[in-house]
Amino acid sequence: MVGQPRERPARVVIEEAGVMAEEPLEEWAARRNRRQASDRQITGARRVVPLAAGSNAAHLAPDAPRLLLERGDTGGWVPVGVAENAAEAAAFLHQS
């Protein structure tokens, strides 16, 4: 039809390493979903959970106690102790 704009698939413009490129929206969304899913994967065998109310950031509450957790046989997290502060918790996380 004359005067009617052609429908084009949705595209996004991405910039990687300073280069602009177009990518079909569906491909971009699939790539984003894969990245978000991998970001949600919890890796490692140890975790630390702050016991104080408020922020989880160590630099905001360096003296707050933290619950120390290790991955159990079933894949769940098992409490193994309490660290007195962020420094002790960091030492627990980085033990071999």
Side-chain angles (χ1 to χ4, degrees):
M1 293 187 172
V2 176
Q4 294 284 339
R6 285 182 31 202
E7 279 194 38
R8 294 178 50 190
R11 300 181 84 71
V12 293
V13 176
I14 58 172
E15 181 177 353
E16 290 184 16
V19 177
M20 299 291 283
E22 281 194 15
E23 179 179 18
L25 185 58
E26 293 81 16
E27 289 177 22
W28 173 83
R31 187 169 49 86
R32 183 203 57 198
N33 290 341
R34 284 191 306 272
R35 185 186 69 240
Q36 287 178 340
S38 70
D39 288 347
R40 283 191 292 270
Q41 295 293 326
I42 297 174
T43 58
R46 295 182 173 166
R47 288 182 76 183
V48 174
V49 179
L51 295 176
S55 175
N56 292 346
H59 68 283
L60 296 178
D63 296 324
R66 277 129 170 100
L67 179 63
L68 307 176
L69 303 165
E70 286 186 340
R71 197 175 289 278
D73 295 335
T74 60
W77 294 104
V78 179
V80 294
V82 175
E84 293 296 318
N85 53 43
E88 286 183 19
F92 167 77
L93 289 175
H94 300 294
Q95 285 177 0
S96 297

Task: Val82-Trp77 co-clustered via ILVMFWY side chain contacts under 4.5 Å - done: yes

Taking distance alone, no hydrogens or angles, what donor-acceptor pairs closer than 3.5 Å link side-chain atoms of residues 60-70 to residues at least two apart or in another chain?
{"residue": "Arg66", "atom": "NH1", "partner": "Ala61", "partner atom": "O", "Å": "3.1"}
{"residue": "Arg66", "atom": "NH1", "partner": "Ala64", "partner atom": "O", "Å": "2.5"}
{"residue": "Arg66", "atom": "NH2", "partner": "Ala61", "partner atom": "O", "Å": "3.2"}
{"residue": "Glu70", "atom": "OE2", "partner": "Arg46", "partner atom": "NE", "Å": "3.1"}
{"residue": "Glu70", "atom": "OE2", "partner": "Arg46", "partner atom": "NH2", "Å": "3.2"}

Open item on the list: Check for me, please, whether Val80 and Val48 land in the same ILVMFWY cluster - side-chain distances under 4.5 Å, paths through other members count.
Closed with: yes

